[in-house]
Amino acid sequence: GVGVDSADDLFDASQAAYYEYVCAHCRRADGVRAVHIISHSLSPAEITSIVAWLDGQWAALGLPDSGAPLVDVGSRFGAVVLGAVRGLSHRGIEGIGVEANAYFAGLAGRTAARYGLADAARFVEARAESEAGLAELSSASIAVFNNVFQFFVPRDDQPEVWETVSSALKPGTLVLSHPSLELVLGELGWSPERLAEWVRPVGVINGSDGDDDDDEAEMTRMYAYVVC
């Protein structure tokens, strides 16, 4: 490999392409590769798929005919909440984002207002395990957990947070989680039996059949459960 001093040094003749990454320490381009970024966000296609699944399963899941609160924990830019209230407007749902970061909570609220969704969507600046967060979760018909506590809460604090949050969700609440609760809570010491006492699985959204050529294989797999 060579050090990088100009754009020409980034060209790899064997691949007839330019390197896009350089080591910041040794200034070498060979041996450097892209990493897979785990995102807390969902793409428009993924949100559309989730909304379509919810709409199709609505009656079977026993969700309210109107006014069902959907709570997205760690709502960030508000994409899940806003996508849900638009895509499920005929269901009359109420979208609620619980977001610990004041900037993101405010930005999501302004976005809702800008696109005329402020009557159907609101964003609360709060941690999920706080009094304000638990108040929203306790009224939820649908609760969304997408790459949430395992990346934003210290590992030692996660068991208590999950204990608190899980106890707030009422029976019948639909829980959408990525990664699966089996994986997330299993790593925190929950046994399969204990998990089964709390929720029962009811489906997988964007799940593929194992065929890597399936378009859905590249989409975030969301696991659905109902609180017992």
Asker: Can you check whether Glu131 reaches Leu134 side chain to side chain, under 4.5 Å on heavy atoms?
Answerer: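 Glu131 vs Leu134: side chains apart.
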
Asker: Find out whether Ile93 and Trp58 are in side-chain contact, i.e. whether some heavy atom of one side chain is under 4.5 Å from a heavy atom of the other.
Answerer: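 Side chain of Ile93 against side chain of Trp58, heavy atoms only: contact under 4.5 Å found.
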
Asker: A side-chain contact here means heavy atoms from C-beta on lying under 4.5 Å apart; do Pro159 and Trp190 qualify?
Answerer: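 No; the side chains remain at least 4.5 Å from each other.
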
Asker: According to the salt bridge (charged side-chain N to carboxylate O under 4.0 Å, His left out) rule, which pairs have a member within residues 176-191, sequence neighbours left out?
Answerer: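 Found none.
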
Asker: Strictly by ring pair (Phe, Tyr, Trp, His ring centres under 6.0 Å), give each pair with a member in residues 88-136 just once, sequence neighbours left out.
Answerer: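 Residue pairs with at least one partner in residues 88-136: Phe77-Phe104.
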
Asker: Under the side-chain contact (heavy atoms from CB on, under 4.5 Å) rule, what do Val202 and Gln57 come out as? Steps first, then yes or no, please.
Answerer: CA-CA 10 Å; Val202 294; Gln57 297 293 320; over 6 Å; no

Asker: For a side-chain contact (heavy atoms from CB on, under 4.5 Å) check, start with the C-alpha distance between Val73 and Phe149, then their side-chain angles and the critical distance, and finish with the verdict.
Answerer: CA-CA 9 Å; Val73 177; Phe149 302 133; 4.0 Å; yes

Asker: If you group Ile, Leu, Val, Met, Phe, Trp and Tyr by side-chain heavy-atom gaps below 4.5 Å, do Phe145 and Val124 land in one group?
Answerer: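 Result: yes, single cluster for both.
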
Asker: Which value, rounded to the nearest 0.5 Å, describes the distance between Asn206 atom CG and Leu42 atom CG?
Answerer: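 Here the rounded value is 8.5 Å.
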
Asker: Quick one: are Arg155 and Leu188 in side-chain contact, heavy atoms under 4.5 Å?
Answerer: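 Yes, at least one pair of side-chain atoms sits under 4.5 Å.
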
Asker: Counting N and O atoms only, with roles assigned by atom type, does the side chain of His178 sit under 3.5 Å from a partner on the main chain of Arg221, one being a donor and the other an acceptor?
Answerer: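 Yes; at least one donor-acceptor contact below 3.5 Å.
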
Asker: Looking at Ser141 and Leu63, would you say the former's side chain and the latter's main chain have a donor-acceptor pair under 3.5 Å?
Answerer: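 Not a single qualifying donor-acceptor pair exists.
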
Asker: What salt bridge (charged side-chain N to carboxylate O under 4.0 Å, His left out) pairs are there with at least one residue in residues 78-94, not counting sequence neighbours?
Answerer: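 Qualifying pairs, neighbours excluded: Asp55-Arg91, Glu94-Arg122.
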
Asker: Measuring from Glu197:CD to Cys228:SG, what's the distance to the nearest 0.5 Å?
Answerer: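 With rounding to 0.5 Å, CD (Glu197) is 9.0 Å from SG (Cys228).
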
Asker: Given side chains that start at C-beta, do those of Trp198 and Leu181 come closer than 4.5 Å, heavy atoms only?
Answerer: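 When only atoms from C-beta onward are counted, Leu181 and Trp198 do touch, with a gap below 4.5 Å.
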
Asker: Is the backbone N or O of Pro44 less than 3.5 Å from a side-chain atom of Thr48, with the two atoms forming a donor-acceptor pair by type?
Answerer: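 Judged by distance alone, yes, a pair lies under 3.5 Å.
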
Asker: Per the side-chain hydrogen bond (donor to acceptor under 3.5 Å, both in side chains) rule, what does the pair list look like for residues 159-172, sequence neighbours excluded?
Answerer: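 Non-adjacent pairs meeting side-chain hydrogen bond (donor to acceptor under 3.5 Å, both in side chains): Glu163-Arg194.
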
Asker: List in chain and number order the residues that pass ring pair (Phe, Tyr, Trp, His ring centres under 6.0 Å) with Trp53, two or more places apart in sequence or in another chain; answer none if no residue qualifies.
Answerer: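 Listed in chain order: nothing, the list is empty.
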
Asker: What residues form a salt bridge (Lys or Arg N to Asp or Glu O under 4.0 Å) with Glu129, not counting sequence neighbours?
Answerer: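 Scan of Glu129 (salt bridge (Lys or Arg N to Asp or Glu O under 4.0 Å), adjacent residues dropped) gives Arg127.
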
Asker: Please report the interatomic distance CG(Asn146) to CD1(Ile47), rounded to the nearest 0.5 Å.
Answerer: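 Going from the CG atom of Asn146 to the CD1 atom of Ile47 covers 9.0 Å.
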
Asker: Kindly compute the distance separating CZ (Phe152) from CG (Asn101), expressed to the nearest 0.5 Å.
Answerer: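 Reported to 0.5 Å precision, the distance equals 9.5 Å.
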
Asker: Working to the nearest 0.5 Å, report the span between CG of Leu54 and CD1 of Ile205.
Answerer: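 Between Leu54 CG and Ile205 CD1, I get 5.5 Å after rounding to 0.5 Å.
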
Asker: If you look at every heavy atom in Leu137 and Ala128, which pair is closest and at what distance?
Answerer: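 Closest pair (atom of Leu137, atom of Ala128, distance): CD1-O, 3.9 Å.
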
Asker: Just how far is it from atom CG of Leu82 to atom OG1 of Thr111, taken to the nearest 0.5 Å?
Answerer: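 Rounded to the nearest 0.5 Å, the CG-OG1 separation comes to 6.5 Å.
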
